[in-house]
Protein chains: 2
Amino acid sequence: MGMQLTEKQQRALQFIQSEISDRGRPPTLREIGSQIGVSSTNGVRYVLDALVRKGYLERSPMLSRGIELTDRSVRPNSKSDVREVPILGRIAAGIPITATENHEGRITVDKSFAPTDDTFALRVRGESMIEAGIREGDVIFARPQRTADSGDIVVAMIGEEATVKFYKPIGGRILLEPANSRFKPIIVESGTPGFQILGKVVGLMRKF
Amino acid sequence: MGMQLTEKQQRALQFIQSEISDRGRPPTLREIGSQIGVSSTNGVRYVLDALVRKGYLERSPMLSRGIELTDRSVRPNSKSDVREVPILGRIAAGIPITATENHEGRITVDKSFAPTDDTFALRVRGESMIEAGIREGDVIFARPQRTADSGDIVVAMIGEEATVKFYKPIGGRILLEPANSRFKPIIVESGTPGFQILGKVVGLMRKF
DNA sequence: AAATATACAAAACATTTGTTCACAAGTCAA
DNA sequence: TTGACTTGTGAACAAATGTTTTGTATATTT
(Lines give C-alpha, C1' and ligand atoms only; values in the text may rest on other atoms or scores of the structure.)
Protein backbone atom coordinates (compact mmCIF):
# COMPACT_ATOMS: atom_id res chain seq x y z
CA MET A 1 0.00 0.00 0.00
CA GLY A 2 1.54 3.28 -1.07
CA MET A 3 1.89 5.41 1.99
CA GLN A 4 3.25 8.33 0.05
CA LEU A 5 1.04 11.39 0.09
CA THR A 6 0.13 13.20 -3.08
CA GLU A 7 0.54 16.93 -3.11
CA LYS A 8 -3.16 17.56 -2.58
CA GLN A 9 -3.33 15.11 0.26
CA GLN A 10 -0.36 16.76 1.88
CA ARG A 11 -1.81 20.21 1.57
CA ALA A 12 -5.17 19.06 2.88
CA LEU A 13 -3.54 17.45 5.90
CA GLN A 14 -1.49 20.55 6.60
CA PHE A 15 -4.56 22.74 6.32
CA ILE A 16 -6.53 20.54 8.71
CA GLN A 17 -3.67 20.56 11.19
CA SER A 18 -3.29 24.30 11.17
CA GLU A 19 -7.03 24.97 11.39
CA ILE A 20 -7.38 22.73 14.43
CA SER A 21 -4.35 24.30 15.98
CA ASP A 22 -5.28 27.90 15.23
CA ARG A 23 -9.07 27.96 15.42
CA GLY A 24 -9.78 24.97 17.59
CA ARG A 25 -11.99 23.26 15.03
CA PRO A 26 -11.50 21.21 11.89
CA PRO A 27 -12.50 22.70 8.54
CA THR A 28 -15.52 21.65 6.47
CA LEU A 29 -15.19 19.77 3.20
CA ARG A 30 -15.89 22.96 1.29
CA GLU A 31 -13.27 24.90 3.23
CA ILE A 32 -10.71 22.21 2.49
CA GLY A 33 -11.75 22.16 -1.14
CA SER A 34 -11.27 25.86 -1.66
CA GLN A 35 -7.92 25.65 0.08
CA ILE A 36 -6.48 22.85 -2.01
CA GLY A 37 -8.21 23.79 -5.22
CA VAL A 38 -10.88 21.12 -5.49
CA SER A 39 -14.30 22.51 -6.34
CA SER A 40 -16.41 19.47 -5.60
CA THR A 41 -17.08 18.19 -2.10
CA ASN A 42 -16.91 14.75 -3.57
CA GLY A 43 -13.39 15.43 -4.73
CA VAL A 44 -12.44 16.48 -1.22
CA ARG A 45 -14.09 13.36 0.08
CA TYR A 46 -11.84 11.38 -2.13
CA VAL A 47 -8.75 13.11 -0.78
CA LEU A 48 -9.90 12.59 2.81
CA ASP A 49 -10.65 8.91 2.14
CA ALA A 50 -7.07 8.51 1.04
CA LEU A 51 -5.79 10.20 4.18
CA VAL A 52 -7.96 7.90 6.29
CA ARG A 53 -6.72 4.83 4.39
CA LYS A 54 -3.15 5.94 4.91
CA GLY A 55 -3.70 6.39 8.60
CA TYR A 56 -3.48 10.14 8.98
CA LEU A 57 -7.10 10.91 9.80
CA GLU A 58 -10.23 9.47 11.31
CA ARG A 59 -13.68 10.55 10.27
CA SER A 60 -17.08 10.37 11.93
CA PRO A 61 -19.80 9.84 9.33
CA MET A 62 -22.58 12.40 9.12
CA LEU A 63 -20.96 14.73 11.54
CA SER A 64 -20.08 18.29 10.71
CA ARG A 65 -16.35 18.82 10.92
CA GLY A 66 -16.08 15.19 11.95
CA ILE A 67 -12.37 14.95 11.27
CA GLU A 68 -9.79 13.89 13.85
CA LEU A 69 -6.05 13.65 13.58
CA THR A 70 -4.47 10.35 14.47
CA ASP A 71 -1.49 10.24 16.75
CA ARG A 72 0.95 10.02 13.90
CA SER A 73 -0.30 13.22 12.31
CA VAL A 74 -0.54 15.36 15.42
CA ARG A 75 2.29 17.74 14.88
CA PRO A 76 4.96 17.17 17.45
CA ASN A 77 6.63 20.05 19.18
CA SER A 78 9.93 19.94 17.42
CA LYS A 79 11.80 21.83 20.08
CA SER A 80 13.90 19.53 22.18
CA ASP A 81 14.60 22.00 24.91
CA VAL A 82 11.07 22.15 26.16
CA ARG A 83 9.03 20.02 28.47
CA GLU A 84 5.32 19.54 28.90
CA VAL A 85 4.30 20.07 32.47
CA PRO A 86 0.89 19.12 33.88
CA ILE A 87 -0.99 21.86 35.68
CA LEU A 88 -2.60 20.09 38.61
CA GLY A 89 -6.13 20.98 39.53
CA ARG A 90 -7.06 20.30 43.06
CA ILE A 91 -4.47 18.44 45.05
CA ALA A 92 -6.05 16.01 47.46
CA ALA A 93 -4.39 13.99 50.14
CA GLY A 94 -3.65 10.44 49.16
CA ILE A 95 -4.11 10.88 45.46
CA PRO A 96 -0.86 10.60 43.55
CA ILE A 97 -0.13 13.97 42.07
CA THR A 98 0.44 12.43 38.69
CA ALA A 99 -3.10 11.06 38.40
CA THR A 100 -4.12 12.25 34.98
CA GLU A 101 -7.78 12.83 35.81
CA ASN A 102 -6.55 15.50 38.07
CA HIS A 103 -5.01 17.75 35.45
CA GLU A 104 -6.25 21.17 34.62
CA GLY A 105 -4.15 21.28 31.51
CA ARG A 106 -0.59 21.14 30.32
CA ILE A 107 1.85 23.89 29.59
CA THR A 108 5.00 23.74 27.56
CA VAL A 109 7.99 25.42 29.11
CA ASP A 110 11.68 25.72 28.62
CA LYS A 111 13.59 22.93 30.29
CA SER A 112 15.36 25.43 32.47
CA PHE A 113 12.01 25.88 34.21
CA ALA A 114 11.29 22.20 34.45
CA PRO A 115 14.60 20.63 35.39
CA THR A 116 13.29 17.11 35.89
CA ASP A 117 10.64 15.32 33.92
CA ASP A 118 8.43 14.91 36.95
CA THR A 119 8.13 18.64 37.44
CA PHE A 120 4.57 19.70 38.07
CA ALA A 121 2.74 23.00 37.96
CA LEU A 122 0.08 24.52 40.14
CA ARG A 123 -2.09 27.60 39.99
CA VAL A 124 -1.67 29.80 43.02
CA ARG A 125 -4.73 30.64 45.10
CA GLY A 126 -4.78 33.32 47.72
CA GLU A 127 -2.49 36.14 48.66
CA SER A 128 -0.31 34.47 51.24
CA MET A 129 2.95 34.79 49.30
CA ILE A 130 2.39 38.17 47.75
CA GLU A 131 5.43 39.80 49.37
CA ALA A 132 7.59 37.18 47.68
CA GLY A 133 6.14 38.29 44.36
CA ILE A 134 3.84 35.27 44.06
CA ARG A 135 0.30 36.31 43.30
CA GLU A 136 -3.13 34.81 42.93
CA GLY A 137 -3.46 33.17 39.51
CA ASP A 138 0.26 32.67 38.96
CA VAL A 139 1.39 29.27 37.80
CA ILE A 140 4.26 27.89 39.83
CA PHE A 141 6.55 25.03 38.87
CA ALA A 142 7.74 22.59 41.49
CA ARG A 143 10.16 19.69 41.55
CA PRO A 144 8.89 16.80 43.64
CA GLN A 145 10.85 16.24 46.83
CA ARG A 146 9.99 15.15 50.36
CA THR A 147 12.33 17.43 52.22
CA ALA A 148 13.69 20.91 51.65
CA ASP A 149 16.33 23.34 52.82
CA SER A 150 15.51 26.16 55.15
CA GLY A 151 14.33 29.17 53.20
CA ASP A 152 13.09 27.20 50.21
CA ILE A 153 9.63 27.92 48.92
CA VAL A 154 7.75 24.63 49.02
CA VAL A 155 4.43 23.12 48.08
CA ALA A 156 3.11 21.36 51.15
CA MET A 157 0.07 19.29 51.85
CA ILE A 158 -1.69 19.90 55.16
CA GLY A 159 -4.64 17.59 55.45
CA GLU A 160 -6.76 18.21 52.37
CA GLU A 161 -5.15 21.49 51.49
CA ALA A 162 -2.14 22.24 49.32
CA THR A 163 -0.26 25.37 50.20
CA VAL A 164 2.80 27.30 49.05
CA LYS A 165 5.01 28.71 51.80
CA PHE A 166 8.57 29.30 52.94
CA TYR A 167 10.03 26.23 54.61
CA LYS A 168 11.80 26.73 57.94
CA PRO A 169 12.53 23.77 60.15
CA ILE A 170 12.97 24.74 63.81
CA GLY A 171 14.06 21.97 66.10
CA GLY A 172 11.59 19.14 65.70
CA ARG A 173 8.98 21.39 64.19
CA ILE A 174 8.43 22.87 60.79
CA LEU A 175 7.49 26.48 60.28
CA LEU A 176 5.56 27.23 57.10
CA GLU A 177 5.94 30.94 56.74
CA PRO A 178 3.78 33.07 54.43
CA ALA A 179 5.11 36.17 52.74
CA ASN A 180 2.26 38.37 53.85
CA SER A 181 2.23 40.21 57.13
CA ARG A 182 -1.51 39.72 57.43
CA PHE A 183 -1.07 35.93 57.56
CA LYS A 184 0.31 33.86 60.41
CA PRO A 185 2.94 31.16 60.06
CA ILE A 186 1.77 27.57 60.29
CA ILE A 187 3.62 25.37 62.74
CA VAL A 188 3.61 21.63 62.19
CA GLU A 189 5.14 18.91 64.34
CA SER A 190 7.18 16.85 61.97
CA GLY A 191 5.50 13.50 61.58
CA THR A 192 2.00 14.93 61.80
CA PRO A 193 -0.27 12.63 59.79
CA GLY A 194 -1.59 14.31 56.67
CA PHE A 195 1.37 16.64 56.44
CA GLN A 196 3.81 16.27 53.61
CA ILE A 197 6.21 18.28 51.53
CA LEU A 198 5.27 17.74 47.89
CA GLY A 199 8.05 19.64 46.26
CA LYS A 200 10.21 22.70 45.97
CA VAL A 201 9.13 25.68 43.91
CA VAL A 202 11.60 26.28 41.11
CA GLY A 203 9.82 28.66 38.78
CA LEU A 204 6.85 30.89 38.15
CA MET A 205 4.85 32.16 35.21
CA ARG A 206 2.23 34.84 35.08
CA LYS A 207 -0.03 36.21 32.39
CA PHE A 208 -1.17 39.82 32.40
CA MET B 1 -21.09 43.85 34.78
CA GLY B 2 -21.38 40.59 36.67
CA MET B 3 -18.41 38.46 35.68
CA GLN B 4 -19.36 35.61 37.94
CA LEU B 5 -20.34 32.46 36.11
CA THR B 6 -23.45 30.53 36.99
CA GLU B 7 -23.10 26.81 37.45
CA LYS B 8 -24.48 26.05 34.01
CA GLN B 9 -22.22 28.56 32.37
CA GLN B 10 -19.25 27.11 34.15
CA ARG B 11 -20.11 23.57 33.16
CA ALA B 12 -20.71 24.61 29.57
CA LEU B 13 -17.35 26.38 29.40
CA GLN B 14 -15.57 23.41 30.91
CA PHE B 15 -17.27 21.06 28.48
CA ILE B 16 -16.31 23.22 25.51
CA GLN B 17 -12.72 23.43 26.70
CA SER B 18 -12.37 19.71 27.16
CA GLU B 19 -14.04 18.87 23.83
CA ILE B 20 -11.70 21.19 21.95
CA SER B 21 -8.75 19.82 23.82
CA ASP B 22 -9.70 16.14 23.54
CA ARG B 23 -11.41 15.92 20.15
CA GLY B 24 -10.04 18.95 18.39
CA ARG B 25 -13.44 20.45 17.71
CA PRO B 26 -16.00 22.46 19.64
CA PRO B 27 -19.33 20.79 20.51
CA THR B 28 -22.68 21.63 18.92
CA LEU B 29 -25.44 23.41 20.79
CA ARG B 30 -27.27 20.12 21.27
CA GLU B 31 -24.19 18.37 22.59
CA ILE B 32 -23.68 21.17 25.09
CA GLY B 33 -27.33 21.07 26.04
CA SER B 34 -27.37 17.39 26.82
CA GLN B 35 -24.19 17.82 28.84
CA ILE B 36 -25.41 20.66 31.04
CA GLY B 37 -29.02 19.55 31.21
CA VAL B 38 -30.74 22.08 28.97
CA SER B 39 -33.12 20.48 26.52
CA SER B 40 -33.69 23.37 24.18
CA THR B 41 -31.04 24.67 21.81
CA ASN B 42 -32.36 28.11 22.53
CA GLY B 43 -31.60 27.60 26.19
CA VAL B 44 -28.04 26.67 25.29
CA ARG B 45 -27.87 29.73 23.10
CA TYR B 46 -28.74 31.80 26.10
CA VAL B 47 -25.95 30.26 28.15
CA LEU B 48 -23.44 30.83 25.34
CA ASP B 49 -24.59 34.41 24.92
CA ALA B 50 -23.77 34.96 28.57
CA LEU B 51 -20.32 33.43 28.12
CA VAL B 52 -19.70 35.69 25.13
CA ARG B 53 -20.86 38.75 27.08
CA LYS B 54 -18.57 37.84 29.93
CA GLY B 55 -15.62 37.48 27.61
CA TYR B 56 -15.01 33.75 27.68
CA LEU B 57 -16.10 32.84 24.16
CA GLU B 58 -16.46 34.18 20.68
CA ARG B 59 -19.03 32.90 18.24
CA SER B 60 -19.30 32.96 14.47
CA PRO B 61 -22.96 33.27 13.45
CA MET B 62 -24.42 30.55 11.25
CA LEU B 63 -21.38 28.38 11.47
CA SER B 64 -21.47 24.85 12.76
CA ARG B 65 -19.41 24.53 15.89
CA GLY B 66 -18.56 28.20 15.48
CA ILE B 67 -17.29 28.61 19.00
CA GLU B 68 -13.85 29.88 19.89
CA LEU B 69 -12.24 30.32 23.25
CA THR B 70 -10.86 33.72 24.08
CA ASP B 71 -7.36 34.05 25.46
CA ARG B 72 -8.56 34.17 29.03
CA SER B 73 -10.38 30.87 28.77
CA VAL B 74 -7.91 28.92 26.66
CA ARG B 75 -6.33 26.30 28.80
CA PRO B 76 -2.72 25.94 27.83
CA ASN B 77 -2.40 22.48 26.36
CA SER B 78 -0.02 20.33 24.49
CA LYS B 79 -1.44 21.14 21.12
CA SER B 80 -0.53 24.77 21.42
CA ASP B 81 2.75 25.42 19.79
CA VAL B 82 5.70 27.00 21.41
CA ARG B 83 7.55 30.05 20.33
CA GLU B 84 11.15 31.09 20.68
CA VAL B 85 11.38 34.54 22.11
CA PRO B 86 14.53 36.63 22.11
CA ILE B 87 15.65 37.97 25.46
CA LEU B 88 16.94 41.41 24.67
CA GLY B 89 20.05 42.57 26.37
CA ARG B 90 20.50 46.28 26.52
CA ILE B 91 17.89 48.23 24.75
CA ALA B 92 19.33 51.31 23.17
CA ALA B 93 17.50 54.14 21.53
CA GLY B 94 17.41 53.98 17.79
CA ILE B 95 18.43 50.38 17.44
CA PRO B 96 15.59 48.20 16.22
CA ILE B 97 14.67 45.87 19.05
CA THR B 98 14.83 42.91 16.74
CA ALA B 99 18.50 43.40 15.91
CA THR B 100 19.89 39.97 16.50
CA GLU B 101 23.30 41.07 17.73
CA ASN B 102 21.49 42.51 20.63
CA HIS B 103 20.14 39.28 22.08
CA GLU B 104 21.08 37.90 25.42
CA GLY B 105 19.60 34.58 24.49
CA ARG B 106 16.36 32.94 23.52
CA ILE B 107 13.75 31.25 25.60
CA THR B 108 11.08 28.84 24.42
CA VAL B 109 7.65 29.46 25.84
CA ASP B 110 4.10 28.39 25.31
CA LYS B 111 2.33 30.43 22.66
CA SER B 112 -0.14 31.61 25.24
CA PHE B 113 2.70 33.66 26.68
CA ALA B 114 3.91 34.92 23.36
CA PRO B 115 0.72 35.79 21.47
CA THR B 116 2.39 37.32 18.43
CA ASP B 117 5.57 36.21 16.75
CA ASP B 118 7.22 39.55 17.39
CA THR B 119 6.92 39.15 21.15
CA PHE B 120 10.15 40.00 22.91
CA ALA B 121 11.50 39.36 26.37
CA LEU B 122 13.46 41.45 28.78
CA ARG B 123 15.19 40.88 32.06
CA VAL B 124 13.96 43.19 34.78
CA ARG B 125 16.46 45.37 36.58
CA GLY B 126 15.66 47.25 39.75
CA GLU B 127 12.86 47.16 42.24
CA SER B 128 10.56 49.75 40.79
CA MET B 129 7.66 47.36 40.08
CA ILE B 130 7.98 45.13 43.09
CA GLU B 131 4.52 45.88 44.45
CA ALA B 132 3.08 44.59 41.19
CA GLY B 133 4.91 41.32 41.78
CA ILE B 134 7.63 42.08 39.24
CA ARG B 135 11.08 41.61 40.74
CA GLU B 136 14.69 42.07 39.83
CA GLY B 137 15.84 39.26 37.59
CA ASP B 138 12.38 38.33 36.33
CA VAL B 139 11.95 37.88 32.60
CA ILE B 140 8.99 39.76 31.20
CA PHE B 141 7.34 39.20 27.84
CA ALA B 142 6.06 42.13 25.86
CA ARG B 143 4.12 42.59 22.67
CA PRO B 144 5.38 45.47 20.55
CA GLN B 145 3.01 48.41 20.37
CA ARG B 146 3.42 52.16 20.22
CA THR B 147 0.50 53.11 22.41
CA ALA B 148 -1.24 51.54 25.38
CA ASP B 149 -4.36 51.74 27.48
CA SER B 150 -4.31 53.43 30.84
CA GLY B 151 -3.27 50.97 33.52
CA ASP B 152 -1.28 48.72 31.20
CA ILE B 153 2.20 47.77 32.21
CA VAL B 154 4.49 48.91 29.43
CA VAL B 155 8.10 48.83 28.37
CA ALA B 156 9.11 52.38 27.56
CA MET B 157 12.24 53.96 26.27
CA ILE B 158 13.35 57.22 27.86
CA GLY B 159 16.48 58.47 26.24
CA GLU B 160 18.98 55.66 26.48
CA GLU B 161 17.12 53.79 29.18
CA ALA B 162 14.41 51.12 28.94
CA THR B 163 11.99 50.95 31.82
CA VAL B 164 8.95 48.98 32.88
CA LYS B 165 6.12 50.97 34.42
CA PHE B 166 2.38 51.44 34.62
CA TYR B 167 1.14 53.60 31.77
CA LYS B 168 -1.22 56.44 32.66
CA PRO B 169 -1.89 59.21 30.14
CA ILE B 170 -3.06 62.45 31.79
CA GLY B 171 -4.07 65.17 29.44
CA GLY B 172 -1.21 65.77 27.05
CA ARG B 173 1.27 64.12 29.37
CA ILE B 174 2.15 60.58 30.16
CA LEU B 175 2.63 59.33 33.68
CA LEU B 176 4.93 56.34 34.06
CA GLU B 177 4.05 55.04 37.47
CA PRO B 178 6.24 52.59 39.41
CA ALA B 179 4.76 50.02 41.77
CA ASN B 180 7.02 50.95 44.63
CA SER B 181 6.23 53.67 47.12
CA ARG B 182 9.90 54.57 47.38
CA PHE B 183 10.01 55.56 43.72
CA LYS B 184 8.50 58.60 42.06
CA PRO B 185 6.41 58.57 38.92
CA ILE B 186 8.03 59.82 35.76
CA ILE B 187 6.13 62.46 33.83
CA VAL B 188 6.81 62.85 30.15
CA GLU B 189 5.40 65.36 27.72
CA SER B 190 4.07 63.33 24.84
CA GLY B 191 6.20 64.01 21.86
CA THR B 192 9.38 64.32 23.87
CA PRO B 193 12.23 63.22 21.62
CA GLY B 194 13.77 59.98 22.77
CA PHE B 195 10.61 58.84 24.46
CA GLN B 196 8.71 55.89 23.06
CA ILE B 197 6.47 53.07 24.15
CA LEU B 198 8.07 49.81 23.01
CA GLY B 199 5.38 47.39 24.01
CA LYS B 200 2.88 46.11 26.48
CA VAL B 201 3.87 43.53 29.09
CA VAL B 202 1.86 40.35 28.62
CA GLY B 203 3.67 37.77 30.73
CA LEU B 204 6.37 37.04 33.24
CA MET B 205 8.68 34.19 34.16
CA ARG B 206 10.85 33.78 37.20
CA LYS B 207 13.33 31.19 38.30
CA PHE B 208 13.93 30.51 41.98
C1' DA C 1 -8.36 -1.81 -28.17
C1' DA C 2 -11.11 -2.83 -24.13
C1' DA C 3 -11.44 -2.96 -19.32
C1' DT C 4 -10.34 -0.99 -14.96
C1' DA C 5 -8.98 2.27 -11.54
C1' DT C 6 -8.01 7.05 -10.21
C1' DA C 7 -9.30 11.68 -9.52
C1' DC C 8 -12.12 14.70 -9.92
C1' DA C 9 -16.88 18.03 -11.36
C1' DA C 10 -21.71 19.08 -10.78
C1' DA C 11 -25.91 18.61 -8.87
C1' DA C 12 -29.36 16.60 -5.97
C1' DC C 13 -30.21 14.97 -1.58
C1' DA C 14 -30.08 13.98 3.54
C1' DT C 15 -28.67 15.21 7.89
C1' DT C 16 -26.86 18.18 11.14
C1' DT C 17 -26.75 22.36 13.19
C1' DG C 18 -27.73 27.25 14.18
C1' DT C 19 -31.65 30.71 14.41
C1' DT C 20 -36.07 32.48 15.29
C1' DC C 21 -40.62 32.57 17.15
C1' DA C 22 -44.26 31.85 20.54
C1' DC C 23 -44.88 30.97 25.14
C1' DA C 24 -44.23 30.29 30.30
C1' DA C 25 -42.40 30.33 35.01
C1' DG C 26 -39.54 32.73 38.23
C1' DT C 27 -37.10 37.00 39.94
C1' DC C 28 -36.57 41.68 40.93
C1' DA C 29 -37.41 46.54 41.20
C1' DA C 30 -40.71 50.41 41.07
C1' DT D 1 -49.43 44.46 41.77
C1' DT D 2 -47.33 45.58 37.33
C1' DG D 3 -43.82 45.39 34.25
C1' DA D 4 -39.36 44.33 32.87
C1' DC D 5 -35.77 40.87 32.75
C1' DT D 6 -33.87 36.29 33.01
C1' DT D 7 -33.94 31.58 31.88
C1' DG D 8 -35.69 28.53 29.95
C1' DT D 9 -39.22 24.81 26.59
C1' DG D 10 -40.76 23.34 22.18
C1' DA D 11 -41.36 23.62 17.49
C1' DA D 12 -40.57 25.36 12.98
C1' DC D 13 -37.30 27.11 9.98
C1' DA D 14 -32.98 28.21 7.48
C1' DA D 15 -28.37 27.55 6.58
C1' DA D 16 -24.41 24.73 6.69
C1' DT D 17 -22.45 20.50 5.90
C1' DG D 18 -21.88 15.56 4.69
C1' DT D 19 -23.41 11.89 1.25
C1' DT D 20 -24.77 9.94 -2.98
C1' DT D 21 -25.37 9.73 -7.85
C1' DT D 22 -24.11 10.57 -12.52
C1' DG D 23 -20.68 11.72 -15.65
C1' DT D 24 -15.92 12.79 -17.58
C1' DA D 25 -10.99 12.73 -18.49
C1' DT D 26 -6.72 10.39 -17.82
C1' DA D 27 -3.68 6.88 -16.91
C1' DT D 28 -2.78 1.89 -16.29
C1' DT D 29 -3.51 -2.80 -17.05
C1' DT D 30 -4.94 -6.76 -19.79
Side-chain angles (χ1 to χ4, degrees), chain A residues 1-20 22-70 73, chain B residues 1-20 22-70 73:
Chain A
M1 194 193 307
M3 279 304 160
Q4 206 86 342
L5 296 187
T6 69
E7 197 217 318
K8 281 191 176 168
Q9 290 164 14
Q10 213 162 45
R11 291 207 309 170
L13 180 59
Q14 270 202 347
F15 180 59
I16 294 166
Q17 287 169 331
S18 71
E19 285 292 295
I20 290 178
D22 294 351
R23 301 187 192 283
R25 61 174 176 260
T28 64
L29 299 191
R30 286 164 181 85
E31 285 168 352
I32 297 169
S34 80
Q35 182 69 19
I36 66 175
V38 170
S39 73
S40 142
T41 53
N42 192 37
V44 175
R45 199 165 218 293
Y46 196 88
V47 172
L48 293 188
D49 277 353
L51 286 169
V52 169
R53 260 202 324 280
K54 294 179 181 178
Y56 292 90
L57 297 181
E58 285 174 26
R59 296 198 65 205
S60 310
M62 295 308 304
L63 195 61
S64 80
R65 305 171 190 271
I67 300 171
E68 281 183 65
L69 298 174
T70 58
S73 60
Chain B
M1 197 189 308
M3 279 307 159
Q4 206 84 348
L5 294 187
T6 69
E7 198 216 320
K8 281 191 177 168
Q9 290 165 14
Q10 213 162 43
R11 291 207 307 168
L13 180 59
Q14 271 202 344
F15 180 59
I16 293 167
Q17 287 171 331
S18 71
E19 285 294 292
I20 290 178
D22 294 352
R23 300 187 192 284
R25 62 173 175 261
T28 64
L29 298 190
R30 286 166 181 85
E31 285 167 351
I32 297 169
S34 81
Q35 180 70 18
I36 66 175
V38 169
S39 71
S40 142
T41 52
N42 193 36
V44 175
R45 198 166 219 292
Y46 197 89
V47 172
L48 293 189
D49 277 352
L51 286 169
V52 169
R53 259 202 323 279
K54 293 178 183 179
Y56 290 89
L57 299 179
E58 284 173 26
R59 297 198 65 205
S60 310
M62 294 310 303
L63 196 60
S64 82
R65 304 171 191 272
I67 300 172
E68 282 184 64
L69 298 174
T70 58
S73 59

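Any value given below was found using the heavy atoms of this structure, including those in side chains, with hydrogens, waters and symmetry copies removed. By convention in this document, chain letters (A, B, ...) are assigned in the order of the sequence lines, proteins followed by strands, and residues within each chain are numbered from 1.
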Should [X] be listed as having a side-chain N or O under 4.0 Å from OP1 or OP2 of [N]?
X	N	result
A/S64	C/dT17	yes
B/R45	C/dG18	no
A/Y46	C/dA7	yes

Terminal contacting nucleotides, 5' and 3', DNA chain D versus chain B (heavy atom, 4.0 Å):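 So the contact region on DNA chain D extends D/dT6 to D/dT17.
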Rounded to the nearest 0.5 Å, what separation is found between the [atom1] atom of [X] and the [atom2] atom of [Y]?
X	Y	atom1	atom2	result
B/L51	B/I67	CG	CD1	9.0 Å
A/Y56	A/L69	OH	CG	12.0 Å
A/L63	B/S64	CG	OG	9.0 Å
B/Y46	B/K8	OH	NZ	12.5 Å

Interatomic distance, [X] [atom1] vs [N] [atom2] [rounded to whole Å]:
X	N	atom1	atom2	value
A/D49	C/dT6	CG	P	12 Å
B/L48	C/dG18	CG	P	9 Å
A/R65	C/dT16	CZ	C1'	12 Å
A/L51	C/dA7	CG	C1'	14 Å

DNA chain D contacts among residues 26-38 of chain B, heavy-atom distance under 4.0 Å: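 Residues of residues 26-38 of chain B that come under 4.0 Å of DNA chain D are, in numerical order, B/V38.
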Is a side-chain donor or acceptor of [X] paired with a backbone partner of [Y] at a separation under 3.5 angstrom?
X	Y	value
B/R11	B/I36	yes
B/T41	B/L29	no
A/E19	A/I16	no

Evaluation steps, side chain to side chain contact (heavy atoms under 4.5 Å, CB included), between B/E68 and B/R59: CA-CA 6 Å; B/E68 282 184 64; B/R59 297 198 65 205; over 6 Å; no
Of all pairs that satisfy salt bridge (Lys or Arg N to Asp or Glu O under 4.0 Å), the ones with a partner from residues 26-36 of chain A, not counting sequence neighbours: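 Residue pairs with at least one partner in residues 26-36 of chain A: A/E31-A/R65.
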Closest-nucleotide 5' rank along DNA chain C - winner of B/L63 and B/N42: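 The answer here is B/L63.
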